[in-house]
Amino acid sequence: MMEMERAAWERAARTVDALADGLGDPPRLDLPADRYGRALGGVPAASDAAARDLHAAAVADLRALATRIRRHARAAVDADEAGARAIEAVR
């Protein structure tokens with residue numbers, strides 16, 4: 001059995017939440033309206049859309065990780081505490 005402290009796991013989950021909060025929105029790819037910019041056609045818009053999708057997916061993954069940390073930590077700590085109670089009961 002491993003000793004698990006609830007507060008330590010909550011700090012870990014908050015760190016992951018902070019990472020998600022810290023992922024700023026991706027900047028738009030603004031290009032000049034010269035012949036080179038026009039030659040790119042829809043590429044800048046597609047690039048911006050892909051960056052927004054990636055950002056949203058990364059934030060969602062981090063939020064889900066924080067949720068899993070909390071859920072599994074609660075289960076682990078609850079199991080450890082049940083074990084400690086069982087040991088105390090036989091003393």
Side-chain angles (χ1 to χ4, degrees):
M1 267 184 7
M2 246 172 109
E3 185 71 29
M4 302 223 181
E5 180 189 343
R6 285 181 197 270
W9 286 108
E10 181 56 29
R11 284 191 302 275
R14 286 183 184 174
T15 298
V16 174
D17 282 332
L19 284 172
D21 293 340
L23 287 179
D25 291 333
R28 280 183 34 86
L29 182 57
D30 290 321
L31 297 174
D34 60 9
R35 64 185 175 136
Y36 301 107
R38 287 189 300 276
L40 289 171
V43 171
S47 176
D48 287 347
R52 285 190 304 273
D53 289 348
L54 174 60
H55 176 266
V59 169
D61 286 349
L62 287 168
R63 298 280 184 225
L65 174 59
T67 297
R68 284 192 309 275
I69 288 170
R70 287 181 175 100
R71 183 177 63 243
H72 292 291
R74 276 192 300 271
V77 170
D78 289 347
D80 285 352
E81 289 173 351
R85 286 190 301 275
I87 290 169
E88 286 296 317
V90 295
R91 284 190 175 178

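As the structure is a computational prediction, the values presented were derived from the model and not from experiment. We use all heavy atoms of the structure for the numbers below, so side chains are in, but hydrogens, waters and symmetry mates are not.
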Flag yes if more than 12 heavy atoms outside Arg71 fall under 6.0 Å of its CZ atom; otherwise flag no.
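Atom CZ in Arg71 is packed in, count exceeds 12.
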
Taking Ala33's backbone N and O only, do any of them form a donor-acceptor pair with Arg38's side chain (distance below 3.5 Å, no angle check)?
yes

If I compare all heavy atoms of Arg63 with all of Asp17, which pair ends up nearest, and what's the gap?
NH1-O, 3.3 Å

Looking only at non-hydrogen atoms, find the nearest pair between Ala13 and Ala66 and report the distance.
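Heavy atoms only, the tightest pair is O-CB, 3.7 Å.
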
Between Glu88 and Arg91, does any side-chain N to carboxylate O distance fall below 4.0 Å?
yes

Test item: Ile69 and Leu65 side chains (from C-beta on) under 4.5 Å apart, heavy atoms
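Touching, per the 4.5 Å side-chain cut-off.
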
Can you check whether Arg28 reaches Arg52 side chain to side chain, under 4.5 Å on heavy atoms?
no

Please determine whether residues Val16 and Leu23 belong to a single hydrophobic cluster, defined as Ile, Leu, Val, Met, Phe, Trp and Tyr linked transitively by side-chain heavy-atom distances below 4.5 Å.
yes

Are Leu31 and Val43 linked, directly or through intermediate hydrophobic residues, by side-chain heavy-atom contacts shorter than 4.5 Å (ILVMFWY only)?
yes

How long is the gap from CD on Glu10 to OG1 on Thr15, to the nearest 0.5 Å?
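That separation rounds to 9.5 Å.
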
